Protein chains: 2
Amino acid sequence: MATRTAHDALSRDRIVDTAIEMLDAGGESGLTFRALSTRLKTGAGAIYWHVANKDELLAAATGAVLADVLRGDEADTTPQDAIRAIALGMFDAIDGHPWIGGQLAGLASRSASLRIIERIGQQVQAMGMPAGQRFFAASALYSFILGVAGQNAANARAREHGTSRAETLGAEAQLWANLDAAEFPFLRGVAAQLGDHDDREQFLAGIDLILAGIGIAR
Amino acid sequence: MATRTAHDALSRDRIVDTAIEMLDAGGESGLTFRALSTRLKTGAGAIYWHVANKDELLAAATGAVLADVLRGDEADTTPQDAIRAIALGMFDAIDGHPWIGGQLAGLASRSASLRIIERIGQQVQAMGMPAGQRFFAASALYSFILGVAGQNAANARAREHGTSRAETLGAEAQLWANLDAAEFPFLRGVAAQLGDHDDREQFLAGIDLILAGIGIAR
DNA sequence: ACCTGAACACCGTTCAAGT
DNA sequence: ACCTGAACACCGTTCAAGT
């Protein structure tokens with residue numbers, strides 16, 4: 001076994017892992033090179049030896065989180081269930097690390113995105129979608145996932161400023177219930193559902209809606 | 001008519017309008033209070049008299065852009081066409097002002113978001129969606145729109161660093177075409193479609209997929 | 001009431017200098 | 001090869017002082 005100093009040597013992996021911890025704890029604004037280097041007991045500039053800049057660090061952190069999602073194996077299921085599994089994997093990853101919601105759209109984390117679109121596309125094809133429409137269908141599923149991701153990220157950002165999820169949601173439901181009856185009949189009507197809905201279930205309902213649409217177009 | 005100095009007096013409207021111009025020209029990073037105050041020929045702190053902080057300014061700018069979308073009137077059409085019109089209105093607004101993609105998810109621009117979800121929800125209801133599923137369906141449509149918005153914003157951000165849309169897309173299509181055949185059969189297969197697809201058409205295809213799904217669940 | 005502009009407390013990033 | 005830490009060029013925001 002190699003001799004070690006009190007703390008491990010600085011390495012790209014250790015930087016990325018620590019960055020993920022800080023992002024989970026404080027969101028994107030919680031990660032600064034100064035705070036990161038303090039936690040790593042090194043100088044601010046040292047990080048630049050292992051990582052080009054903050055964008056690359058964020059991309060690497062996103063990639064590390066998504067690697068777990070990509071480890072899943074959707075053999076011996078229906079294409080529909082395989083897509084649900086991939087989507088839920090993404091949802092859970094985003095739920096656990098909301099800051100990746102803001103990263104996924106960017107092309108910085110492209111390599112992981114491509115793998116996910118590939119997986120979805122293969123299953124869309126297995127559903128029997130004609131060649132001309134497969135790309136649209138896979139993109140639609142991916143865009144929907146990104147949309148939910150972005151909202152999750154925004155909600156998490158709001159929570160950094162204090163209030164818990166239940167509080168925010170309760171206040172929001174209250175606000176919907178008190179909207180003008182003539183102008184907002186729909187939102188008033190669904191205010192109760194907003195108050196006690198399950199994010200994961202709602203996400204899956206959206207996926208199922210798109211899957212049903214694909215089922216027809218097929 | 002009131003007497004005026006050479007330039008109009010500072011006002012919240014003038015600040016927001018100028019901010020939108022700067023955001024359109026240089027994205028979110030192109031808007032700083034220093035550059036804004038220079039363009040408005042005033043001091044950096046003066047803006048704070050009319051606007052609480054940068055978040056509020058971004059929310060106000062987003063609201064001003066979305067106000068145009070909300071001016072549309074979808075009377076005497078089918079619910080499906082009404083939803084398509086709302087969605088396309090959003091798409092065009094985001095296409096013209098990509099930076100709002102990053103703002104829409106946040107609750108800062110909530111008032112405009114609520115109006116849009118209300119409109120979508122009313123049409124979902126008109127489609128005959130049962131009460132228990134209307135909220136899910138409207139949310140799914142809205143999330144999809146946000147997802148596309150986020151990607152547009154990211155693409156626009158990438159374009160700030162130089163290359164045009166055609167260049168980026170061409171390079172990306174090339175990259176997909178050259179991916180490993182065993183690992184990325186799907187992406188390789190649709191590389192040509194990526195190269196010459198129309199963003200607006202693809203967006204509408206996604207909306208139609210969800211609408212078709214709603215048509216079944218109904 | 002509204003505006004000025006210096007000052008404060010931060011950022012990401014660079015780079016000469018060390019080991 | 002890898003790390004240090006001061007320095008640079010920015011930010012958003014505040015606030016005493018002006019008009």
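Below, read A as the first sequence line, B as the second, and so on, with proteins coming before strands; counting in each chain starts at 1. Just so it is clear, the model here is predicted, and its values are computed rather than measured.
- As a whole-Å value, the separation of A:Lys54 NZ from C:dT13 C1' is 12 Å.
- Considering B:Ile20, B:Thr62, B:Asn152 in turn, B:Ile20 is the only one that fulfils the side chain to side chain contact (heavy atoms under 4.5 Å, CB included) rule with B:His97.
- A:Ile47 places its CD1 atom 13 Å from the P atom of D:dG5, with the value rounded to the nearest Å.
- Applying the Watson-Crick and G-U wobble criteria (two distances, each under 3.5 Å), D:dA9 pairs with nothing in any strand.
- Checked against the 6.0 Å centroid threshold, B:Phe135 and A:Phe186 do not count as a close aromatic pair.
- Taking B:Ser139 as the reference, A:Gln202 meet the side chain to side chain donor-acceptor pair (under 3.5 Å) condition, with sequence neighbours excluded.
- The side chain of A:Leu10 lies closest to D:dC3, out of D:dC3, C:dG12, C:dC3.
- For B:Tyr48 and D:dC11, the OH to C1' distance is 10 Å, given to the nearest whole Å.
- Of all non-hydrogen atoms in A:Leu194 and A:His197, the two that sit nearest each other are O-ND1, 2.8 Å.
- Residue B:Arg34 contributes atom CZ, which lies 8 Å from atom C1' of D:dC10 at whole-angstrom precision.
- Taking atom CZ of residue B:Arg14 and atom C1' of nucleotide C:dC2, one finds them 14 Å apart after rounding to whole Å.
- With hydrogens and angles left out, the side-chain atoms of B:Trp176 and B:Glu172 include a donor and acceptor closer than 3.5 Å.
- For the pair A:Asp55 CG and C:dT13 C1', the interatomic distance rounds to 12 Å; values are reported in whole Å.
- Checked against D:dA7, C:dC3, D:dC3, the side chain of B:Ala46 finds its nearest nucleotide in C:dC3.
- Taking the side chain of B:Asn53 as heavy atoms from C-beta on, and the options D:dA7, C:dC3, D:dT13, the nearest nucleotide is D:dT13.
- Summarising the base pairing, D:dA16 is matched to C:dT4 through a Watson-Crick or G-U wobble pair whose two defining distances lie under 3.5 Å.
- Near DNA chain C, defined here as any heavy-atom distance below 4.0 Å, the residues from residues 22-33 of chain A are A:Leu31, A:Thr32, A:Phe33, listed numerically.
- Considering only side-chain N and O atoms, A:Trp49 lies under 4.0 angstrom from the phosphate OP1 or OP2 of D:dC2.
- Relative to the side chain of A:His50, the nucleotides D:dC3, D:dG12, C:dT13 differ in distance, and D:dC3 lies closest.
- Ring geometry for A:Phe144 versus A:Phe203: interplanar angle under 30°, hence parallel rather than tilted (30 to 60°).
- Look at CD on A:Glu56: it is 15 Å from P on C:dG12, rounded to the nearest Å.
- Salt-bridge check for A:Arg84 with A:Asp208: passed, with a basic side-chain N closer than 4.0 Å to an acidic carboxylate O.
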